[in-house]
Amino acid sequence: MTTPPAAPQRPLARWLALGVLVLAVLLIAVDATVLGLATPYISEDLRPSGTQLLWIGDVYSFVIAGLLVSMGGLGDRIGRKRLLLLGAVAFGGVSVLNAYAGTPEILILARALLGVAGATLMPSTLALIRNIFPDPRERSFAIGAWGAASSAGMALGPIVGGFLLEHFWWGSVFLINLPVMALLVLVGAKLLPESKDPAPGPWDLPSVALSLAGMFGLVYAVKELAAGEITGLTLGAGLGGLLLLVWFVQRQLTLPKPLLNMRLFRNRGFSAAVVADLLTVLGLSGLVFFLSQFLQLVQGRTPLAAGLAELPSAAGAVGAGLVAGIVARRFSVRAVVSGGLAAIGIALAAVVLIGEHTGYPLLGGVLLVVGLGAGFSFTVTADVILSAVPKEKAGSASAVSETAYELGTALGIALLGSVVNGVYRGFATPPGVPGPVAHAAHESLGGAAEAAHRLPAPLAARMFDAASDSFVTGLHYAAVGGAVVLLGTAVAAWFLLKGQRLDVADDEGEEAAIRGAGAPAGAGGRVPVRQGSAG
């Protein structure tokens, strides 16, 4: 059975198709960042309970984490273009439901449905790049553009969201999805080529259920533990999620046509790239999650100014992503990935020099180095992951890559976030602060800022200064922890990615991947895409 044509014939059509995919990624990244800015306005308008507010913020990532693998497999079966366009229509429609939600319950449901739509978009974009660009060098640049769009979207989100919230109501941050999704569907229907697995087998619904329930339980437990909620429900959800994921893996190993071919992990380059992504995001999460609070509450910037202050990281990631493939071929994959991770680790270690009165040049320099390191490492690992599988399995491989990001984020916020919160809550309340006010101040730095309004000015200043100092100390500890993780990952990547190369012809790469994924592997079960002498 022959595989459908994977790429448009005309070079211009390929790059126009890439523009459509970049547009989708840009929107997803923007959408991921604007909710945090809108949360205070949602709280004032809908008046959700504390638990409901957590679900409004978390249910999107829960659903995405649980469905990524399933949707990647579905795209391999029904066609990635079809899945992307259906997801785009759903994403636009559900965005309207989010914008006009009149109760917390409706908004939680709308956010969950948006997660379903997002899970169809994320793996489809990267998988289509694998098929549109059969030439490895063009594909490296396309992946760099894809990653650059994600970084740019993360930077644009706070700026666009800040502007909209200053001029319109909170629902406007969701309505910006509509024109972009409409353009994506209209242009994508004409320009994007269809691609899918010619012999995929059935979409195994029990595997879908196991993946969704297992990831949901695990991510829920991690987030609850990060918030200090150590309860029987939390521990049970975590243990149950792990057991369901083990069951999922066992089922994939026994199915003739699995939803996710677990034997792909026998490929050393594939496994090393996935683990590197997970650990990198884990180490970065502490800085990323608390940076906005530091810029706004500790250094006193407005939301828009805080968004602008974070631009160097996006600029570095965009620039590095666009040239990462060229640099990896000039030197080596492991040199670029390890060097990028080491640069991030050193930048995180430098965070210990940053405090309330630190000038912007040092902070901007740290963010620039983080962006450069992330742009180089993430772009090359994404290229390695896609190059390690046959193009028919690109959807599943892309989903694994995206799942690593989701898990890394959840674990990083849980582990490093608990460090920040643990140190923060230990600050000494100045004498004279009433008990209820002190309790509210110890919940979070935002709570301390709100509680300070209930105190006389001199006492409020002393309490908030103590809270800010404690928060900054916690951020320093988390940054050191992240630096240790990143530097350790850099060392591991140096050895695990030895000999890995990007300039592999499509037919050769697919043959190696098929051997690694479907047949008993030799040499300790590791079948790299291609090994050479480059270090």
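Keep in mind that what you see is a predicted model, and the values were worked out from it rather than measured. We use all heavy atoms of the structure for the numbers below, so side chains are in, but hydrogens, waters and symmetry mates are not.
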Undergrad: Is the shortest side-chain heavy-atom distance between Val246 and Arg251 below 4.5 Å?
TA: no

Undergrad: Over all heavy atoms of both residues, which pair between Ile385 and Ala273 is shortest? Give the atoms and the distance, please.
TA: CG1-CB, 3.6 Å

Undergrad: Are side-chain heavy atoms of Arg111 and Phe174 found at a separation under 4.5 Å?
TA: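 Yes, at least one pair of side-chain atoms sits under 4.5 Å.
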
Undergrad: Going through the distances and angles, do Leu18 and Phe133 end up as a side-chain contact (heavy atoms from CB on, under 4.5 Å)?
TA: CA-CA 9 Å; Leu18 175 64; Phe133 293 94; 4.0 Å; yes

Undergrad: Using modelled atom types and a 3.5 Å cut-off, is there a donor and acceptor pairing between side-chain atoms of Ser271 and backbone atoms of Arg268?
TA: no

Undergrad: For Leu284 versus Leu486, what's the shortest heavy-atom pair and its separation?
TA: N-CD2, 4.2 Å

Undergrad: What's the spacing between Ser211 OG and Leu67 CG if we round to 0.5 Å?
TA: 7.0 Å

Undergrad: Between Val420 and Tyr477, is any pair of side-chain heavy atoms under 4.5 Å apart?
TA: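 No, their side chains stay 4.5 Å or more apart.
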
Undergrad: With a 4.5 Å limit on heavy-atom distance, are the side chains of Thr231 and Leu235 in contact?
TA: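 A side-chain contact under 4.5 Å is absent here.
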
Undergrad: Show, in sequence, the C-alpha distance, side-chain angles and deciding distance for Leu46 and Trp170, and conclude whether the side-chain contact (heavy atoms from CB on, under 4.5 Å) test is met.
TA: CA-CA 11 Å; Leu46 301 185; Trp170 60 264; 4.1 Å; yes

Undergrad: With a 4.5 Å heavy-atom cut-off, do Gln250 and Thr254 have their side chains touching?
TA: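 Heavy-atom side-chain distance check fails, nothing below 4.5 Å.
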
Undergrad: Identify the heavy atoms of Thr379 and Ser140 that sit nearest to each other, and give their distance.
TA: CG2-O, 4.4 Å

Undergrad: What distance do Ser313 atom OG and Ile344 atom CD1 have between them, rounded to the nearest 0.5 Å?
TA: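 Reported value, rounded in 0.5 Å steps: 11.0 Å.
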
Undergrad: Please lay out, stage by stage, how Val274 and Asp277 fare under the test side-chain contact (heavy atoms from CB on, under 4.5 Å).
TA: CA-CA 5 Å; Val274 169; Asp277 284 349; 5.9 Å; no

Undergrad: Please report the C-alpha distance between Trp146 and Ile129 in whole Å, then the side-chain angles of each, then the deciding distance to 0.1 Å, and finally whether the side-chain contact (heavy atoms from CB on, under 4.5 Å) criterion is met.
TA: CA-CA 9 Å; Trp146 175 86; Ile129 287 175; 3.6 Å; yes

Undergrad: Quick check against the 3.5 Å criterion: does Thr381 have a side-chain atom that pairs as donor or acceptor with the backbone of Ser377?
TA: yes

Undergrad: Of all the heavy-atom pairs spanning Ala309 and Arg301, show the shortest one and how long it is.
TA: CB-NE, 4.1 Å

Undergrad: Is there a donor-acceptor pair closer than 3.5 Å between any side-chain N or O of Thr120 and the backbone N or O of Ala117?
TA: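 Such a contact is found between Thr120 side chain and Ala117 backbone.
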
Undergrad: Rounded to the nearest 0.5 Å, what separates atom CH2 in Trp247 from atom CG in Leu242?
TA: 15.0 Å

Undergrad: Determine whether the aromatic ring centres of residues Phe294 and Phe471 are separated by less than 6.0 angstrom.
TA: no

Undergrad: How many angstroms lie between atom CG of Leu16 and atom CZ of Arg14, to the nearest 0.5 angstrom?
TA: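 Going from CG on Leu16 over to CZ on Arg14, the span is 11.0 Å.
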
Undergrad: Please set out all donor-acceptor pairs under 3.5 angstrom arising from side-chain atoms of residues 83-105, sequence neighbours excluded.
TA:
from	atom 1	to	atom 2	distance (Å)
Ser95	OG	Phe91	O	2.6
Ser95	OG	Asn177	ND2	2.7
Asn98	ND2	Val94	O	2.8
Asn98	ND2	Ala110	O	3.2
Thr103	OG1	Ile106	N	3.2
Glu105	OE2	Gln52	NE2	3.0

Undergrad: Counting only heavy atoms not in Arg82 (residues, nucleotides, ligands), do more than 12 fall under 6.0 Å from its CZ?
TA: no

Undergrad: Examine distances only and state if a side-chain atom of Ser172 and a backbone atom of Phe168 form a donor-acceptor pair shorter than 3.5 Å.
TA: no

Undergrad: CG/Leu282 to OG1/Thr489 distance, rounded to the nearest 0.5 angstrom?
TA: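 Here the rounded value is 8.5 Å.
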
Undergrad: Rounded at 0.5 Å granularity, tell me how far CG in Leu113 sits from OH in Tyr60.
TA: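 Spacing of CG (Leu113) from OH (Tyr60) equals 12.0 Å.
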
Undergrad: Using the test side chain to side chain contact (heavy atoms under 4.5 Å, CB included), find all partners of Ala317 that sit at least two apart in sequence or belong to another chain.
TA: Ser151

Undergrad: May I ask you to test the Leu192-Ile132 pair for a side-chain heavy-atom distance under 4.5 Å?
TA: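 Yes - at least one pair of side-chain heavy atoms lies under 4.5 Å apart.
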
Undergrad: Locate the shortest heavy-atom distance separating Leu255 from Ser207; write the atom from each residue and the value.
TA: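 Of all heavy-atom pairs spanning Leu255 and Ser207, the closest is CD1-OG, 3.8 Å.
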
Undergrad: For a quick test of reading the model, state the closest non-hydrogen atom pair linking Val380 to Val337 and the distance between them.
TA: CG1-CG2, 3.7 Å

